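Just so it is clear, the model here is predicted, and its values are computed rather than measured.
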Amino acid sequence: RHVDAQQVMDKILSLCDCETITQYDEISVEVLKLFEMLGKHSYKPQSSNGIAHVIKSFLDGNLEQKVTIQMISESLHISKSHIERTFKNTYGETPLGYFFRNKINYACALLINTDYSVAEIAEMLSFTDAKCFSKCVKTETGLSPLAYRKTKKPPQLATAFAIAKGRNRIGSDLLVA
């Protein structure tokens with residue numbers, strides 16, 4: 001699946017005049033997609049093997065789907081054994097191991113940067129259900145999705161501004177007195 005950076009930027013700009021938390025979540029998702037796309041283009045495979053890079057690009061472009069070696073094989077017209085061998089020789093891990101790790105990293109970014117529920121993220125990323133998703137996140141991070149969100153999510157920007165504003169008010173009162 002190919003995503004055009006200009007389309008993503010246009011969508012982000014159209015969402016900038018938002019008034020609901022859902023629109024902020026949509027902006028976060030689009031920005032994450034943009035960063036994901038930019039990361040793909042800056043990565044240079046260590047091997048001259050273009051097939052492994054094509055497989056990696058396929059995996060990176062399908063994080064929101066269920067992916068199997070059979071699906072990769074059919075999409076790229078490459079044998080399953082060649083996919084496994086080439087990818088592992090180039091990147092040092094299996095294609096599905098790489099895919100799972102990146103999918104969970106993307107899920108964790110959504111947990112931190114949006115207010116989507118665990119069930120919504122599980123559905124967005126084509127997990128069987130929220131329980132399966134939670135189990136996968138816990139296996140990879142050592143934390144449940146909600147615990148991960150709680151420990152990794154930065155304080156709300158509005159709260160940070162309110163705290164800073166309150167400190168400035170107190171500080172200015174002290175200066176006047």
Side-chain angles (χ1 to χ4, degrees), residues 1-5 7-8 11-12 22 24-47 49-154:
R1 185 180 76 175
H2 176 74
V3 180
D4 181 28
Q7 288 175 328
V8 174
K11 180 150 187 184
I12 291 169
T22 303
Y24 286 114
D25 289 343
E26 290 176 28
I27 291 171
S28 295
V29 169
E30 295 303 319
V31 169
L32 287 169
K33 283 181 185 176
L34 187 60
F35 282 123
E36 177 191 349
M37 288 178 354
L38 293 172
K40 285 185 226 175
H41 295 292
S42 65
Y43 183 79
K44 302 285 187 239
Q46 295 176 345
S47 168
N49 191 336
I51 294 172
H53 185 65
V54 170
I55 296 165
K56 182 182 175 296
S57 293
F58 178 86
L59 295 171
D60 290 342
N62 286 286
L63 288 175
E64 295 174 348
Q65 310 299 317
K66 288 183 182 180
V67 172
T68 65
I69 295 298
Q70 180 67 35
M71 179 191 293
I72 301 167
S73 175
E74 290 171 1
S75 295
L76 302 178
H77 306 288
I78 305 169
S79 76
K80 294 186 284 188
S81 61
H82 190 63
I83 289 168
E84 292 274 1
R85 183 177 56 254
T86 303
F87 195 90
K88 181 141 186 166
N89 287 342
T90 303
Y91 296 109
E93 63 184 318
T94 66
L96 294 183
Y98 168 85
F99 180 74
F100 175 75
R101 185 174 45 80
N102 279 351
K103 188 172 207 163
I104 296 300
N105 286 341
Y106 182 50
C108 289
L110 289 172
L111 286 166
I112 292 170
N113 295 299
T114 72
D115 287 325
Y116 289 136
S117 70
V118 170
E120 288 171 321
I121 295 172
E123 185 178 335
M124 285 172 58
L125 299 181
S126 301
F127 282 89
T128 307
D129 55 31
K131 185 176 179 181
C132 174
F133 170 69
S134 295
K135 191 174 182 179
C136 290
V137 170
K138 186 160 186 160
T139 298
E140 191 69 17
T141 67
L143 297 169
S144 70
L146 292 178
Y148 186 89
R149 174 178 271 163
K150 186 176 180 181
T151 60
K152 304 289 184 183
K153 189 168 190 164

Does the [X] side chain pair with the main chain of [Y], one donor and one acceptor, at a distance under 3.5 Å?
X	Y	answer
Thr86	Ile83	no
Lys80	Ile72	no
Ser73	Ile69	no
Lys103	Gln65	yes

Listed by chain and number, what are the side chain to side chain donor-acceptor pair (under 3.5 Å) partners of Thr94, not counting sequence neighbours?
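For Thr94 there are no side chain to side chain donor-acceptor pair (under 3.5 Å) partners, ignoring immediate neighbours.
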Nearest 0.5 Å, please: how far is [atom2] in [Y] from [atom1] in [X]?
X	Y	atom1	atom2	result
Thr141	Lys152	OG1	NZ	8.5 Å
His53	Phe58	NE2	CZ	14.5 Å
Phe100	Glu93	CZ	CD	12.0 Å
Lys66	Thr128	NZ	OG1	4.0 Å
Tyr106	Leu111	OH	CG	11.5 Å

So which heavy atom on [X] is nearest to which on [Y], and how close?
X	Y	result
Phe133	Pro145	CE2-CG, 4.0 Å
His82	Ile51	NE2-CD1, 3.6 Å
Leu110	Met124	CD1-CE, 3.9 Å

Quick one, [X] and [Y] - any side-chain contact, counting heavy atoms below 4.5 Å?
X	Y	answer
Leu59	Phe87	yes
Phe127	Ile121	no
Ser134	Ser144	no
Val137	Leu143	no
Lys56	Thr90	no
Thr68	Glu74	no
Asn105	Asn102	yes

Do you see a donor-acceptor pair shorter than 3.5 Å between the side chains of Tyr98 and Asp60?
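Looking only at side-chain atoms, Asp60 and Tyr98 do form a donor-acceptor pair, the distance falling under 3.5 Å.
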Residues Asp115, Lys153; criterion side chain to side chain contact (heavy atoms under 4.5 Å, CB included); working and verdict
CA-CA 10 Å; Asp115 287 325; Lys153 189 168 190 164; 2.6 Å; yes
Tell me which pairs pass salt bridge (charged side-chain N to carboxylate O under 4.0 Å, His left out) where either residue lies in residues 121-143, with sequence neighbours left out.
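Every candidate salt bridge (charged side-chain N to carboxylate O under 4.0 Å, His left out) pair involving residues 121-143 fails, so no pair, neighbours aside, qualifies.
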